[in-house]
Amino acid sequence: MLQGTCSNAGKSLLTAALCRLLARRGLRVVPFKAQNMALNSFVTHDGREMGRAQALQAAACGLPTDVRMNPVLLKPTSHTGSQVIVLGEPVGQMRVGAYLRYKPEAWKAVRRAYRSLASEADVVVLEGAGSPAEINLKAHDIVNMRMARYARAHVALVADIDRGGAFAALAGTMALLTRAERARVAGFILNKFRGDPSLLDPALHMLTRRTGKPFWGVVPMLENLRLPEEDSVSFKLGITPGLNMAGMDSGAAAPADLLDVLVPDLPHISNATDLDALRQEPGLRVRIVRRVEDWGQPHAVILPGSRNTAADLRFLRATGLADAIVLFARTAMDRQRGVLTGICGGLQMLGRVIADPLGLEEGGQEPGLDLLPLATRLEAEKQLLRVSGRACRCLTAGLPEKDTPGETGMLLPAQEVAGYEIHHGRTLPLAGQDEATGESGLRVVMADTGGRPLGWGLCDAAGRARVWGSYMHGLFDADAFRHAFLAALRQDAGLPPLAGASYSLGPELDRLADTVEASLDMQAIYGLLGLC
């Protein structure tokens, strides 16, 4: 089991690396995290929800996703409340006190899931959460030392040396553990180191003498690792893999040969991994913007998903970003240049109104940006779907005048797309007439294989969709669609075409595993598992 001295120490990726290395040895290895708190979630093939980190770890094992790998998922909707998801299904919206009362039931589900999963595996690689030394939380722990004890797991304690204070964090964590918990710790790992690891030797030896625990190795900082993250920490730091942004603030003009894609930093952003494939593309800058003063002159704006759409709309209005988004959309339609896209909650924001009669987020009704004639109503039943379909050519090129809509209203199906839906919202077009054309002008821009609309948009005079949105998470993961979308933006901007990058997790998982294997005392780890 990998536990950390803090959040974002790299436990999730180290777990994925160990899963990959053990799977390479021909073992059936499975990942497990009892409880995850994250807004980056994933939909399994049987239509249930789990943490994105465990989905990545399953891929590292060469296994399909399975909600038993993450039996409890908490999706925060406010500072004090979360939606609680158990074995892939939402069981309620709970504030802290209510969840603490529910936790004995959650612990039963965790134990059942672990026993079932472990019975099918040679090795289980478990991941903790936060720190096992958070003494204010230990009485209710179901994910760190209590889980390690139940699974009889050897614990590796991981510290992030890049943020500083790693040795004090390791020593302090050990000091706050009970004697039995300290006995379960088998070794230390320093993660995210930059420089010559031999310079650490005196500190490593001193801490080993103080604690009696060996260091299993120092894992270097892996630059530009293109793997989806469990949370939005790197996203909110504005880190863009593959592009050196040193010395460039968020509002600085993009170099002349770069596409500039702006993403508002929503307080309740969910599934920021939708942007991962874009962020690795050459000739592209993804800017995370919190203030209207940093707006600049983007070529595209993407409104990401949100776990509290109403609150995030109020944030956009309070910061002036809402006005900037509306102006950008109208200018894009008039000048036939630029694209505004909304994904899931972002799609809902583009509409006229969002109603929450059941209080699933905050209750009441919130006006949208009124850029698309759509209305959204949050309903009790959560939509959890894996979907595939085709995107209209209007998303990547203009449409000839002779083309006419099919039965769904979608013009010229073009690129294949695939992904997943996670939402309580039911979004429908509004009845209404445009004074100039006699119709709303709203088009279905994306549909699944059965013809069900997956997204809507408005086109400019040349037939190019300038404002559009979709409920589909992961739609930019498809190489052909992403490349065509970016090629059209570059054409808009008068930029020369560029060859696009391929988005694939396999090579990056192997790169991660190779680095970890070269950095850690794998013989010690294999020895604990009886594999030597």
Side-chain angles (χ1 to χ4, degrees), residues 238 240-265 274-289 292-304 321 323-343 346 350 371 391-400 412 414-415 417 445 455 457-470 475-503:
T240 302
L243 184 60
N244 181 9
M245 299 300 297
M248 187 180 296
D249 64 53
S250 62
D257 59 343
L258 280 184
L259 277 179
D260 188 29
V261 176
L262 182 148
V263 182
D265 181 12
D274 287 335
L275 301 164
D276 283 356
L278 287 171
R279 295 167 76 194
Q280 71 163 24
E281 285 288 344
L284 173 65
R285 174 173 74 159
V286 176
R287 280 192 298 132
I288 317 305
V289 170
V292 72
E293 292 83 0
D294 295 330
W295 184 266
Q297 294 182 316
H299 298 103
V301 175
I302 298 177
L303 277 175
L321 288 169
D323 290 338
I325 291 167
V326 170
L327 178 61
F328 177 85
R330 291 174 178 165
T331 302
M333 292 288 287
D334 292 343
R335 297 183 180 177
Q336 300 182 24
R337 187 167 63 247
V339 173
L340 170 62
T341 298
I343 302 174
L350 294 178
L371 292 169
C392 177
R393 203 183 83 179
C394 66
L395 299 182
T396 56
L399 295 170
L412 279 179
Q415 305 291 350
V417 288
V445 298
L458 293 176
C459 294
D460 62 18
R464 172 86 184 282
R466 296 295 176 182
V467 181
W468 62 272
S470 173
L475 65 92
F476 288 117
D477 291 359
D479 286 349
F481 172 70
R482 184 178 70 258
H483 294 163
F485 174 76
L486 295 178
L489 284 178
R490 293 188 71 84
Q491 187 176 42
D492 277 354
L495 298 176
L498 279 180
S502 177
Y503 184 63

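Note: hydrogens, waters and symmetry copies are ignored here, and every other heavy atom, side chains too, is used.
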Straight-line distance of Asp265 CG to Leu321 CG, nearest 0.5 Å: 9.5 Å
Donor-acceptor pairs are to be reported for all side-chain atoms of residues 326-340 against protein atoms at under 3.5 Å, with residues two or more places apart or in another chain.
unit_1	atom_1	unit_2	atom_2	d
Thr331	OG1	Leu327	O	2.8

message: Can you give me the closest heavy-atom contact between Ala480 and Gln415, atom names plus distance?
response: CB-OE1, 3.4 Å
- line: Note: Ala324 and Val292 closest approach over all heavy atoms is CB-CG2, 4.0 Å
- prompt: Measuring from Leu259:CG to Phe485:CZ, what's the distance to the nearest 0.5 Å?
  reply: 9.0 Å
- request: Could you tell me which residues satisfy side-chain contact (heavy atoms from CB on, under 4.5 Å) with Leu278, sequence neighbours excluded, listed by chain and number?
  value: Leu275, Leu284, Ile302, Phe476, Arg482, Leu486
task: Working to the nearest 0.5 Å, report the span between CG of Leu258 and CZ of Arg285.
output: 7.0 Å
- prompt: Between Arg287 (side chain) and Leu262 (backbone), is there a donor-acceptor pair under 3.5 Å?
  reply: no
- request: Using the test side chain to side chain donor-acceptor pair (under 3.5 Å), find all partners of Asp323 that sit at least two apart in sequence or belong to another chain.
  value: none
task: Could you tell me the separation between the SG atom of Cys459 and the CH2 atom of Trp468, rounded to the nearest 0.5 Å?
output: 11.5 Å
field: Leu303 side, atom CG; Thr341 side, atom OG1 - distance, nearest 0.5 Å
entry: 9.0 Å
- prompt: So, does Asp479 use its side chain to make a donor-acceptor pair with the main chain of Tyr503 at under 3.5 Å?
  reply: yes
query: Got a sec, which residues hit side chain to side chain donor-acceptor pair (under 3.5 Å) with Ser470, two or more places apart in sequence or on another chain?
result: none
- prompt: Is the closest side-chain heavy-atom distance between Val261 and Pro298 below 4.5 Å?
  reply: no
message: Check whether Glu281 reaches the backbone of Ala501 with its side chain - one donor and one acceptor, N or O, closer than 3.5 Å.
response: yes
Rounded distance (nearest 0.5 Å) linking atom CG of Leu371 with atom CD1 of Ile325: 8.5 Å
field: Side-chain touch Cys394/Val445, heavy atoms, less than 4.5 angstrom
entry: yes
query: If only atom types and distance count, is the side chain of Gln280 paired as donor or acceptor with the main-chain N or O of Ser502 below 3.5 Å?
result: yes
task: Just jot down the side-chain contact (heavy atoms from CB on, under 4.5 Å) partners of Ala488, sequence neighbours excluded, or say none.
output: Arg464
message: Quick check: closest heavy atoms across Pro282 and Leu498, and the distance to 0.1 Å?
response: O-CD1, 3.8 Å
CA sep, side-chain torsions, deciding dist, call: Asp492, Arg466, salt bridge (charged side-chain N to carboxylate O under 4.0 Å, His left out): CA-CA 11 Å; Asp492 277 354; Arg466 296 295 176 182; 2.6 Å; yes
